[in-house]
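We use all heavy atoms of the structure for the numbers below, so side chains are in, but hydrogens, waters and symmetry mates are not.
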Protein chains: 2
Amino acid sequence: MGLTKSDLFTKEQNDLANMAKAIAHPARIAILQYLVKKNACVTGDLVEELGLAQATTSQHLKELKNAGIIQGTVEGASVCYCIDPKVWKQYKNVFHTFFGEVKIEDSSCC
Amino acid sequence: MGLTKSDLFTKEQNDLANMAKAIAHPARIAILQYLVKKNACVTGDLVEELGLAQATTSQHLKELKNAGIIQGTVEGASVCYCIDPKVWKQYKNVFHTFFGEVKIEDSSCC
DNA sequence: AAAACCCATCGTAATATTGCGATATGGGTT
DNA sequence: AACCCATATCGCAATATTACGATGGGTTTT
């Protein structure tokens, strides 16, 4: 079917899954790392950096923007992208909480 | 095409993307949370807990096992699953590093 | 041994994702 | 205005994911 049954799960579970999905592609990871490193850049730079077609790069940027983790501002003919620090921290916290909330014993299995 | 061009990216980027993909579904999040809470449990418990069909649940368990984050041991007719603490910590570290390696200034955009 | 149970896998259908060429849009330039 | 440049979006093809019923191989129970 390909249609996730979101109604079976809590908002927190769906939210975390969507956050994970936002970064579940190496191109999007690469975009985020580049933005962190360079602080900000325009689409054309990312097209060069990634080696993907312009249309594909634009699509990944759109997904990251929809996820809220980056923001783009028009600068003449170009669009300048950067990390949204507020959302970035939120991601950081959510993942940290998920992985850290309970300590796992070192040989807990049956 | 639906085929990620993995060769364009580093091993680290592909690895992180795959780790994110492993938890990029609310059912898999729910499975992990349940395993953390209960420490260990058999497939049947998870089928009840999730509300998904047995086949679907088994498929999600397989993906988590392939990702290495859980392990299953046969116990008579049942299979007992639990978190792999070593891999869990690895996930925790990788995500923590990714989100925390560089501090983002609070108004860095153009 | 038969019945009942637990679980993985197969096969299939529906939907989502990835990627790119082509096209559109909106600046800037001459 | 005519012309480039930078991006976004559309439309399409290929592949991946999600979900479930059905089947099959074990294990326990009767």
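- B:S78 comes within 4.0 angstrom of the backbone, heavy atoms only, and of no base.
- Comparing D:dA22, C:dG19, D:dA19 against the side chain of B:Q54 picks out D:dA22 as the nearest.
- Residue A:K21 is classed as a sugar-phosphate contact, given heavy-atom separations below 4.0 Å to backbone atoms only.
- Contacts of B:T56 with the nucleic acid, taken as non-hydrogen atoms under 4.0 Å apart, include base atoms.
- Nucleic acid contact for A:E75: none, since no nucleic acid atom lies under 4.0 Å from a heavy atom of the residue.
- Side-chain contact between A:K92 and B:F95 is absent, with no heavy atoms from C-beta onward closer than 4.5 Å.
- In this structure, A:H60 does not reach the C:dT17 phosphate: none of its side-chain N or O atoms is under 4.0 Å from OP1 or OP2.
- Residue A:T4 has its side chain nearest to D:dT18 when only D:dT18, C:dT9, C:dT18 are considered.
- Residue B:V42 is classed as a sugar-phosphate contact, given heavy-atom separations below 4.0 Å to backbone atoms only.
- The nucleotide whose nearest atom lies closest to any side-chain atom of B:E63 is, among D:dT18, D:dT15, C:dG19, D:dT18.
- B:A55 comes within 4.0 angstrom of a base, heavy atoms only.
- Comparing A:A77 and A:Q59 by the nucleotide of DNA chain C whose heavy atom lies nearest to each, the residue mapping closer to the 5' end is A:Q59.
- The A:V79 side chain lies nearest to D:dA8 when the options are D:dA8, D:dC20, D:dT18.
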